[in-house]
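In what follows, chains carry the letters A, B, and so on, assigned in the order in which the sequence lines appear, proteins first and then strands, with residues in each chain numbered from 1.
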Amino acid sequence: MIGLDDIIEEKIAENFQYEPWFSPIFDPGELEILFFGIQAIIGVLLLVYFLWSSKKFRSTREKS
Amino acid sequence: MHISEGFLPPEWCLLWYVFSIPFIIYGFFRIKKLMESDPKSKSLLAISAGFIFVLSALKIPSVTGSCSHPTGTGIAVVLFGPVITSALSFIVLLYQALLLAHGGITTLGANTAAMGIIGPIFGFLFYKALKKHSISFFAAAFVADLATYIVTSIQLALAFPATEGFGGVLTTMSMFMGIFAITQIPIAFLEGLLALALLRYVVEHYEVVPA
């Protein structure tokens, strides 16, 4: 499925005859899905940390 | 959607870096201070950053056949305001620029300005204006998301005006906004609902006073 980024890139190239002056340092190619997955996992781990600490917070509050 | 690597002329890349860097530095400084003064803030920063990491990793399809992703800045906007949101967004944008070729290093300043600074400022203003109403959490996330894409359209229009002068900027801006609107409005709506649910949980279960 085509991303909005690709549509915008096409429009700029078509309408303004613009050539990008710099290319990505690292192109993940087929590994893109892996890196998006890692990004999502980092996010989930942060959310789990929040849930764990909020549970700890509630149990401390109930004890006191 | 972020502006891709090399897709802004060098002078615009520089300008947006100059605009964004003070916010990012001050944002990291505020995070450091906050973590030192309030241990509870660590977990709130975690949920704010986690929401940005997860949501901006999602590619959601639209009816037009294209796909885009939410920004995920709504939670950070409500809990901490735009300055800290800028630092958290910068981390995610840097990750995507370096490892995913999504956005770019040259356009990192512009993308941080849109997603991490100006979008969140508008979200925060709407949140403050509607703070007494139950819709305020939804509005913060919805507006922060949509404003991000409006700012991106303006950034592109300023760099690529259709003709010389203000009219040319408006023409290009309306072209890009037309492309974004179809995909992004439903995504912003979903993001608003998700942020509303999560923020209600955080406020009720964690005795948090939002920004």
Applying a strict 4.5 Å limit to non-hydrogen atoms, the region of A:F36 in contact with chain B is both
Whatever's closer than 4.5 Å to a heavy atom in chain B on A:L4 counts as both
Surrounding NZ of B:K40 (heavy atoms of other residues, nucleotides or ligands, distance under 6.0 Å), is the total greater than 12? yes
Under 4.5 Å to a heavy atom of chain B? For A:I38 that would be both
Ranking A:A40, A:G29, A:A13, A:S54 by heavy-atom pairs under 4.5 Å to chain B gives rank one to A:S54
_Flag if over 12 foreign heavy atoms under 6.0 Å of CZ, B:F122_ = no
Handout entry: Salt-bridge present (B:E204, B:R200; N to O < 4.0 Å)
Key = no
Of B:L100, B:L58, B:V54, the largest count of non-hydrogen pairs under 4.5 angstrom with chain A goes to B:L100
Chain B shares the most heavy-atom pairs under 4.5 Å, among A:V44, A:I41, A:I8, A:L51, with A:I8
Under 4.5 Å to a heavy atom of chain B? For A:S23 that would be backbone
Cut-off 4.5 Å, heavy atoms of chain B, and the answer for A:N15 is side chain
Of the listed A:W21, A:W52, A:Y49, A:F26, the one with the largest count of heavy-atom pairs under 4.5 Å with chain B is A:W21
Comparing B:S56, B:A97, B:A162, B:G103 against chain A, the one with the most heavy-atom pairs below 4.5 Å turns out to be B:S56
Looking only at B:S4, B:S68, B:G104, B:G72, the option with the highest number of non-hydrogen pairs under 4.5 Å against chain A is B:S4
Turns out that what part of B:Y95 lies under 4.5 Å from chain A's heavy atoms comes down to side chain
Below 4.0 angstrom, N of the basic side chain to O of the carboxylate: do B:K42 and B:E36 qualify?
no
Answer key: most heavy-atom pairs under 4.5 Å with chain A among B:L156, B:V92, B:V202, B:I52 is B:V202
Interface check, chain A: of B:L44, B:T172, B:I105, B:L8, most non-hydrogen pairs under 4.5 Å belong to B:L8
- If only atom types and distance count, is the side chain of B:E191 paired as donor or acceptor with the main-chain N or O of B:P70 below 3.5 Å? no
In terms of heavy-atom pairs under 4.5 Å with chain B, the winner among A:D6, A:L45, A:I42 is A:I42
Test B:F90 against B:F28 for side-chain contact (heavy atoms from CB on, under 4.5 Å), laying out the working first. CA-CA 10 Å; B:F90 173 77; B:F28 280 117; 4.0 Å; yes
| message | Are there over 12 heavy-atom neighbours, none belonging to A:E19, within less than 6.0 Å of that residue's CD? | response | no
The interface call for A:Y18 against chain B, heavy-atom contacts under 4.5 Å, is side chain
Looking only at heavy atoms, the pair that brings A:D5 and B:H102 closest together is OD2-CE1, 3.0 Å
One should read off an interatomic distance between B:F19 CZ and B:L15 CG, to the nearest 0.5 angstrom, of 9.0 Å
Query raised in the report: Ring centroid separation for B:F138 and B:F189, is it under 6.0 angstrom?
Result: yes
